[in-house]
Amino acid sequence: MISALISSTNPLFPINTRTKNQSFFHLKSSIHSSWQQNLNPMNTMNKCKSPKFQLLNPVIINPSRERLNQNKDKPKKHQKNGFFQVINQEMMVLCGCGYYVNGFRCFPWLALNFHMAHNLNMQPSTLQLVQNSANFPMVAKPFYGILSDALYIGGAHRIPYISIGVLLQILSWGSLAVIPVASEALPALMACVLITNLGASIAEVAKDALVAEYGHKNKILGLQSYAFMASAVGGVLGNLLGGFFLLRTQQTKSMFLAFAALLTLQLTLSLKTREESLGLAQPSNYSHVRESISESIRKPFSDLLMAVKEERILHPLLWVVSSIVMIPILSGSIFCYQTQFLNLDPSVIGMSRVTGQLMLLSLTLLYNRFGKSIPMRKLVRIVQVLYASSLLLDLVLVMQINVQLGIPNEVFALFFSGLAETIAQFKLLPFHVLFANLAPPGCEGSLMSFLASALCLSSIISGFLGVGLASFLGITYGDYSSLPLGIMMQFLAALLSLCWIDYVPMSLPAAEKARKGSRSKRSRRNRRIGKVVFDSVYSYRRERESDMQR
């Protein structure tokens with residue numbers, strides 16, 4: 001028997017146009033007759049054999065309206081357009097605090113650079129050698145990523161590694177603040193610096209993998225831009241407070257101790273957060289529970305090799321690494337020139353970093369709002385040209401062209417000194433988003449850590465090339481006559497990588513899928529609704545014909 005139908009605005013069958021009274025009496029008589037027939041069991045049997053059905057005002061359900069009514073009963077899913085719309089607040093607080101502290105690391109590092117330059121009286125080449133040698137623990141980031149993907153600690157494989165990395169940083173910076181030998185003897189100082197960078201690299205790998213895995217699970221594109229924002233905010237406050245503390249107190253050890261206290265707060269937050277509350281996969285989903293350590297590491301390592309060998313990953317990786325390696329960085333020589341030759345105050349150096357971090361934050365916001373729609377190759381080409389041009393700003397300061405134009409050294413350094421470093425950091429953002437989208441499931445930590453390791457290794461090589469270039473040109477304490485030549489060589493090397501810009505993809509794969517999906521979304525919806533409508537009509541007609549034939 002045909003089920004009762006709900007009224008619709010467009011009936012497919014003619015409607016019986018009776019008056020209200022006729023309809024009421026007809027309905028009353030129908031109910032009375034059906035009640036009398038139900039009293040006799042023979043009538044009921046006869047009714048089953050030859051059913052008689054009279055359809056009053058028959059109409060058809062509107063499938064689109066019915067679909068909307070059914071969707072009301074289903075639980076609503078949150079819109080996944082950005083990081084701030086994610087329901088899980090623990091993820092936002094944990095990663096936001098982690099990236100903020102990561103950006104705030106410039107606070108103790110600014111104090112350490114001044115400590116080595118003024119208190120220990122290091123040469124520019126020695127200072128830059130210490131800075132670049134301290135980054136060696138970050139080269140092993142793929143190993144940390146593989147461990148994070150494969151080995152679970154207490155049923156979790158991201159947050160425990162964050163806690164371990166933060167603890168190592170607390171021990172190193174606390175030792176520099178409390179133990180006098182650690183900050184005065186060069187071997188002990190190098191050991192503390194290596195330990196703090198080891199902890200920072202472990203925590204950074206775990207955070208990057210956590211963000212990539214969470215974005216994959218919830219289909220959120222570009223979470224790395226929000227991580228850059230949190231890091232930029234930390235960099236702004238770190239440089240601002242660092243320059244203020246150095247100008248007022250000149251106590252570098254108190255700055256080490258203050259940063260160790262901030263790390264203690266981050267450690268407390270990570271220990272209180274449970275990974276299962278973030279909705280990530282548990283150890284049973286990866287079947288790593290009873291495997292040995294070597295067997296657990298072998299599969300992620302092979303997956304990482306297979307992922308890196310893919311052309312869509314290998315080519316952009318080669319370009320971004322080569323664009324960094326080819327440029328000899330003279331950061332140590334520029335820093336010593338500003339502080340020892342120009343006698344700039346620590347507050348000026350700190351405020352110049354603040355200006356750079358504010359610009360990085362603004363560029364990240366613009367990229368998150370508009371940059372994703374720009375073709376990636378075009379964006380990277382523009383950024384690389386801007387980076388090469390910003391290197392010439394150091395040439396203006398060294399040759400005192402700004403003084404000839406009436407701009408004091410303090411003002412010029414405040415607004416333009418950290419511009420090249422800011423653009424260099426922003427250039428990495430599209431590649432972080434690209435690799436996070438291309439990372440295979442279960443290989444997020446390995447691939448993102450491999451990218452970070454490759455970038456760190458390229459920066460170390462670039463720094464060593466800068467040390468060699470400074471020694472070759474004879475740039476020493478008090479003699480900076482050859483520094484303009486070194487800056488011009490940097491400019492030419494930065495433009496050279498544009499010759500193989502074709503290795504960079506035209507656009508992000510996820511962005512292409514989104515555009516294609518948005519074009520065909522309406523047509524798919526129309527086809528789906530049309531199919532439902534005609535299927536409903538055909539099924540209704542088949543049921544009517546079968547009932548009439550009985």
Side-chain angles (χ1 to χ4, degrees), residues 79-86 92 95-96 98-100 102-104 106 207-208 211-212 215 219-240 316 319-320 323-324 351-393 414-438 448 451-452 455 494-495 497-498 501 504-515 518:
Q79 295 179 353
K80 302 167 184 177
N81 297 328
F83 186 70
F84 297 105
Q85 296 178 355
V86 177
M92 184 185 302
C95 291
Y99 283 104
Y100 170 81
N102 189 40
F104 200 80
C106 60
K207 290 195 299 287
D208 291 343
V211 170
K219 301 293 187 293
I220 305 175
L221 176 64
L223 284 182
Q224 289 71 26
S225 60
Y226 297 100
F228 267 66
M229 292 180 194
S231 181
V233 171
V236 169
L237 294 179
N239 286 302
L240 182 62
W319 188 91
V320 68
S323 66
I324 298 174
M351 287 300 298
S352 66
R353 301 293 188 271
V354 171
T355 305
Q357 292 297 325
L358 286 174
M359 185 173 296
L360 178 62
L361 179 60
S362 302
L363 291 175
T364 306
L365 290 172
L366 290 176
Y367 173 80
N368 187 62
R369 181 65 179 88
F370 305 104
K372 296 176 184 178
S373 59
I374 302 176
M376 183 177 178
R377 185 182 300 174
K378 180 181 179 181
L379 178 64
V380 171
R381 182 186 289 110
I382 295 174
V383 172
Q384 188 67 16
V385 172
L386 291 176
Y387 172 67
S389 302
S390 63
L391 291 173
L392 297 178
L393 296 175
L414 178 63
F415 289 100
F416 301 106
S417 179
L419 184 60
E421 182 180 355
T422 299
I423 298 177
Q425 294 178 9
F426 175 74
K427 184 183 71 173
L428 305 179
L429 176 58
F431 291 94
H432 278 278
V433 177
L434 174 66
F435 279 85
N437 294 330
L438 296 179
M448 296 304 295
L451 172 64
L455 297 177
L495 294 178
S497 60
L498 295 175
I501 193 66
V504 179
M506 288 297 299
S507 60
L508 296 175
E512 294 178 355
K513 292 181 181 179
R515 285 195 297 268
S518 62

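Residue numbers count from 1 along this sequence. Keep in mind it's a predicted model, so treat the numbers as computed, not measured. As a basis for the values below, the full set of heavy atoms in this structure was taken, side chains included, without hydrogen atoms, waters or symmetry mates.
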Q: Using every non-hydrogen atom in the two residues, find where A494 and A388 come nearest and quote the distance to one decimal.
A: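 Smallest interatomic distance, heavy atoms only, reads CB-CB, 3.6 Å.
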
Q: Drop me the distance from Q425's CD to T364's OG1, to the nearest 0.5 angstrom.
A: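 It is 9.0 Å, given to the nearest 0.5 Å.
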
Q: With rounding to the nearest 0.5 angstrom, report the CG to CZ distance, L237 to F104.
A: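 So the gap between those two atoms works out to 6.5 Å.
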
Q: Using 30° and 60° as the class limits, which term best fits the ring planes of F431 and W319: parallel, tilted or perpendicular?
A: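 The arrangement is parallel - the two ring planes meet at less than 30°.
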
Q: For G98, does its backbone N or O pair with a side-chain atom of N102 as donor and acceptor, under 3.5 Å?
A: no

Q: Would L455 and H432 count as a side chain to side chain contact (heavy atoms under 4.5 Å, CB included) if you check the C-alpha gap in whole Å, the side-chain angles of each, and the deciding distance to 0.1 Å?
A: CA-CA 11 Å; L455 297 177; H432 278 278; 4.1 Å; yes

Q: Write down the atom of Q384, the atom of S497, and the distance for their closest heavy-atom approach.
A: NE2-OG, 3.3 Å

Q: Are side-chain heavy atoms of Y99 and D208 found at a separation under 4.5 Å?
A: yes

Q: Quick one: does K378's side chain get under 4.5 Å of M506's, heavy atoms only?
A: no

Q: Which heavy atom of C106 sits nearest a heavy atom of G103, and at what distance?
A: SG-O, 3.3 Å

Q: Provide the closest heavy-atom pair for P430 versus Y367 in the form atom of the first, atom of the second, distance.
A: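 Shortest heavy-atom contact: CA-OH, 3.8 Å.
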
Q: What distance separates L361 CG from L366 CG, expressed to the nearest 0.5 Å?
A: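 That separation rounds to 9.5 Å.
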
Q: Hey, what do you get for CG (L495) to OG (S323), rounding to the nearest 0.5 Å?
A: 12.0 Å

Q: How many angstroms lie between atom OG of S417 and atom CE of M351, to the nearest 0.5 angstrom?
A: 12.5 Å

Q: Using the side-chain contact (heavy atoms from CB on, under 4.5 Å) rule, pick out the option among L419, L414, L240 that qualifies with T355.
A: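 Running side-chain contact (heavy atoms from CB on, under 4.5 Å) over L419, L414, L240 with T355 returns exactly one hit, L414.
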
Q: Any donor-acceptor pair under 3.5 Å linking the side chain of T422 with the backbone of L360?
A: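 No, because the side chain of T422 does not come within donor-acceptor range (under 3.5 Å) of the backbone of L360.
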
Q: Would you find a donor on one side and an acceptor on the other, under 3.5 Å apart, between the side chain of S389 and the backbone of V385?
A: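 Yes, because the side chain of S389 sits within donor-acceptor range (under 3.5 Å) of the backbone of V385.
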
Q: Could you report the tightest heavy-atom contact between I423 and V383, atom names first, then the distance?
A: CG2-O, 3.7 Å

Q: Can you measure from OH (Y387) to NZ (K427) and round to the nearest 0.5 angstrom?
A: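 Spacing of OH (Y387) from NZ (K427) equals 6.5 Å.
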
Q: Considering only heavy atoms from C-beta outward, does the side chain of V504 approach that of R381 to under 4.5 Å?
A: no

